[in-house]
Protein chains: 2
Amino acid sequence: MSENVGRWLRDEIENAILSYEFAPGERLDETVLANRFGVSRTPVREALMQLDAIGLIEIRPRRGAIVIDPGPHRIYEMFEVMAELEGLAGSLAARRLDKASRDAITATHGRCEQSAAAGDSDAYYYDNEEFHKAIYAASRSDFLQEQCVQLHRRLRPYRRLQLRVRNRLSTSFSEHCAIVDAIFAGDGDEARRLLRTHVGIQGERFSDLVASMAAR
Amino acid sequence: MSENVGRWLRDEIENAILSYEFAPGERLDETVLANRFGVSRTPVREALMQLDAIGLIEIRPRRGAIVIDPGPHRIYEMFEVMAELEGLAGSLAARRLDKASRDAITATHGRCEQSAAAGDSDAYYYDNEEFHKAIYAASRSDFLQEQCVQLHRRLRPYRRLQLRVRNRLSTSFSEHCAIVDAIFAGDGDEARRLLRTHVGIQGERFSDLVASMAAR
DNA sequence: GTCAACGTTTGTGTATACAAGAATGGCATT
DNA sequence: AATGCCATTCTTGTATACACAAACGTTGAC
């Protein structure tokens with residue numbers, strides 16, 4: 001319970017939303033949440049305010065908070081921006097690579113290889129996230145890194161669905177290999193291009209994604 | 001006073017921070033703010049929470065809120081990301097341009113021309129912002145547009161300083177012309193490249209910017 | 001004289017109470 | 001029977017009060 005109740009609640013509710021425990025469109029009642037978590041309404045409101053600022057929920061004056069339903073089109077737009085930011089991170093990483101970052105990328109890349117070989121989709125999902133985060137960090141741009149992590153977090157549930165698609169695991173890993181090669185070779189433009197398409201594939205295969213979502 | 005006091009306060013304090021009324025590093029006392037705006041502490045706290053989520057201030061548990069000092073390096077990083085996002089917006093605008101967006105770009109571009117010709121730096125500053133926003137809107141990506149507007153807002157004070165630099169006005173406008181040409185020609189790659197450098201110039205001329213900031 | 005410890009003060013964190021607005025349901029009227 | 005208006009109730013928005021933690025100052029001891 002991270003220091004103060006408000007932030008803890010924010011994370012708690014955020015996770016609940018991202019894991020669809022609170023469905024899009026659902027109304028979040030402050031009193032109900034307060035009872036559920038055993039706190040008063042004040043920290044609940046603070047948490048909701050922050051989630052509103054992040055864009056996960058919408059607070060309509062005097063009418064309560066509802067979980068935002070991004071909708072397929074908006075999700076596509078978010079992937080589009082994510083691809084661009086990751087591309088930038090890759091290009092910077094290639095130019096600025098130092099030993100620590102290189103080691104971090106190698107390590108996470110290795111873990112991805114193992115998960116992919118084992119066909120363990122859940123493990124790969126986690127390792128993949130670490131791999132991408134290693135690239136963000138390697139960009140040596142704190143601000144870019146923060147933006148990437150935040151957007152990555154919001155897109156997390158959709159990425160997860162995406163990985164369930166057949167053959168995506170091995171395809172994803174081979175794309176990782178090419179990305180690592182480009183970054184280690186110091187080829188910023190190539191790293192940018194590869195990462196953009198790697199992330200963008202989520203968009204190209206968008207019909208699969210929509211189908212997976214509808215299936216739930 | 002937009003509907004509820006919390007949001008009004010958020011905007012109010014945000015403006016105060018962006019206009020340096022509250023200096024970076026300054027501690028924001030909840031009680032003082034509450035008295036100043038004639039409200040209780042509760043909405044003040046809500047406003048501070050939101051500003052923390054946006055990244056303008058930092059709330060350290062039990063130690064209050066301080067205005068974040070981005071520092072030259074971080075500002076540079078923000079311009080770097082801004083350049084990337086604007087580039088994407090330009091490239092999408094070129095591909096997806098419709099009549100309404102085209103008209104909006106033409107209109108704002110025209111106003112920039114007048115301000116630049118008149119040498120009116122303050123007017124150009126405003127018209128320039130509208131011009132860029134017209135491009136964001138033309139991208140037809142709501143999410144990208146929101147991200148751009150938000151980041152633009154945070155960089156606003158630095159852009160303003162930038163425009164004071166000699167000759168920047170006419171240089172900026174001629175770059176605008178090339179950008180408009182590329183977008184209207186449907187050349188997404190060229191629009192992206194031009195916008196990236198247009199915004200990035202703020203970074204290249206970074207020493208000027210730092211000097212201007214130090215001068216305050 | 002200096003350092004440490006304890007107490008006071010100031011300010012954040014949480015809870016609760018109160019007020020105002022919106023939604024819903026019932027009753028009356030057409 | 002249907003529609004419109006009014007009242008009640010529920011929920012949000014704001015204020016205030018209380019509790020706890022941290023920082024600073026003062027005092028005492030070494």
Side-chain angles (χ1 to χ4, degrees), chain A residues 1-18 20-70 146 150, chain B residues 1-18 20-70:
Chain A
M1 200 185 286
S2 87
E3 271 309 326
N4 80 20
V5 181
R7 295 181 189 213
W8 169 67
L9 274 176
R10 183 199 49 173
D11 294 341
E12 209 68 24
I13 298 173
E14 183 175 349
N15 286 332
I17 292 173
L18 291 180
Y20 294 107
E21 193 179 336
F22 297 141
E26 184 174 336
R27 172 125 166 259
L28 297 178
D29 188 301
E30 296 179 356
T31 313
V32 172
L33 288 173
N35 289 336
R36 165 170 174 162
F37 291 106
V39 297
S40 83
R41 269 182 52 220
T42 307
V44 171
R45 302 203 82 234
E46 290 182 346
L48 292 180
M49 287 273 157
Q50 291 179 67
L51 293 174
D52 179 69
I54 294 172
L56 267 177
I57 66 174
E58 184 185 348
I59 298 180
R60 297 159 306 175
R62 306 202 174 278
R63 298 186 55 198
I66 57 167
V67 179
I68 285 189
D69 179 9
E146 288 164 19
Q150 194 176 330
Chain B
M1 200 185 288
S2 90
E3 272 306 328
N4 79 19
V5 181
R7 294 180 190 214
W8 169 68
L9 274 177
R10 182 197 50 172
D11 294 341
E12 209 67 24
I13 298 174
E14 182 176 349
N15 286 332
I17 292 174
L18 291 181
Y20 295 108
E21 192 179 336
F22 296 143
E26 184 174 336
R27 171 123 167 260
L28 297 178
D29 187 300
E30 296 180 355
T31 313
V32 171
L33 288 173
N35 290 336
R36 165 170 173 163
F37 292 107
V39 297
S40 83
R41 268 183 53 220
T42 307
V44 171
R45 301 204 80 231
E46 290 181 346
L48 292 181
M49 287 273 158
Q50 291 179 67
L51 292 174
D52 179 69
I54 293 172
L56 268 175
I57 66 175
E58 185 185 349
I59 298 180
R60 297 160 307 176
R62 310 207 170 271
R63 299 189 54 198
I66 57 165
V67 179
I68 285 190
D69 179 7

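Sequence lines set the chain letters: A, B, ... in the order given, protein chains first and strands last, and positions in each chain run from 1.
In this structure, the side chain of Glu26(A) engages the main chain of Ala23(A) through a donor-acceptor pair within 3.5 Å. Asp69(B) places no side-chain N or O within donor-acceptor distance of the main-chain N or O of Gly25(B), the cut-off being under 3.5 Å.
Using a 4.0 Å cut-off between charged nitrogen and carboxylate oxygen, Glu21(A) and Arg36(A) count as a salt-bridge pair. A salt bridge does not link Glu58(A) to Arg27(A): none of the charged nitrogens lies less than 4.0 Å from a carboxylate oxygen.
A heavy-atom distance below 4.0 Å to DNA chain D is reached by these residues of residues 32-54 of chain A, ordered by number: Arg41(A), Arg45(A).
Residue Arg60(B) contributes atom CZ, which lies 12 Å from atom C1' of dA23(D) at whole-angstrom precision. Atom CG of Leu28(A) and atom C1' of dG13(D) are 17 Å apart (whole Å). One interatomic measurement links the two molecules: CD1 of Ile59(A) to P of dT14(D), which rounds to 11 Å at whole-angstrom precision. Per the geometry, CZ belonging to Arg7(A) stands 13 Å off P belonging to dT12(C), to the nearest Å. To the nearest angstrom, P of dG13(C) lies 17 Å from CH2 of Trp8(A).
Within the 4.5 Å cutoff, side-chain heavy atoms of Leu33(A) are placed close to those of Phe22(A). Counting heavy atoms from C-beta on, the side chains of Arg45(B) and Thr42(B) never come closer than 4.5 Å.
Comparing Arg63(A) and Gly6(A) by the nucleotide of DNA chain C whose heavy atom lies nearest to each, the residue mapping closer to the 5' end is Gly6(A).
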So which protein N/O to nucleotides 6-11 of chain C N/O distances come out below 3.5 Å?
from	atom 1	to	atom 2	distance (Å)
dG11(C)	O5'	Asp29(B)	OD2	3.3

**OP:** For Leu56(A) and Val67(A), run side-chain contact (heavy atoms from CB on, under 4.5 Å): C-alpha distance rounded to whole Å, both residues' side-chain angles, the deciding distance at 0.1 Å, then the answer.
**Re:** CA-CA 7 Å; Leu56(A) 267 177; Val67(A) 179; over 6 Å; no
Subject >> Candidate pair Leu48(B) and Ile57(B), rule side-chain contact (heavy atoms from CB on, under 4.5 Å), full reasoning >> reply: CA-CA 8 Å; Leu48(B) 292 181; Ile57(B) 66 175; 3.6 Å; yes
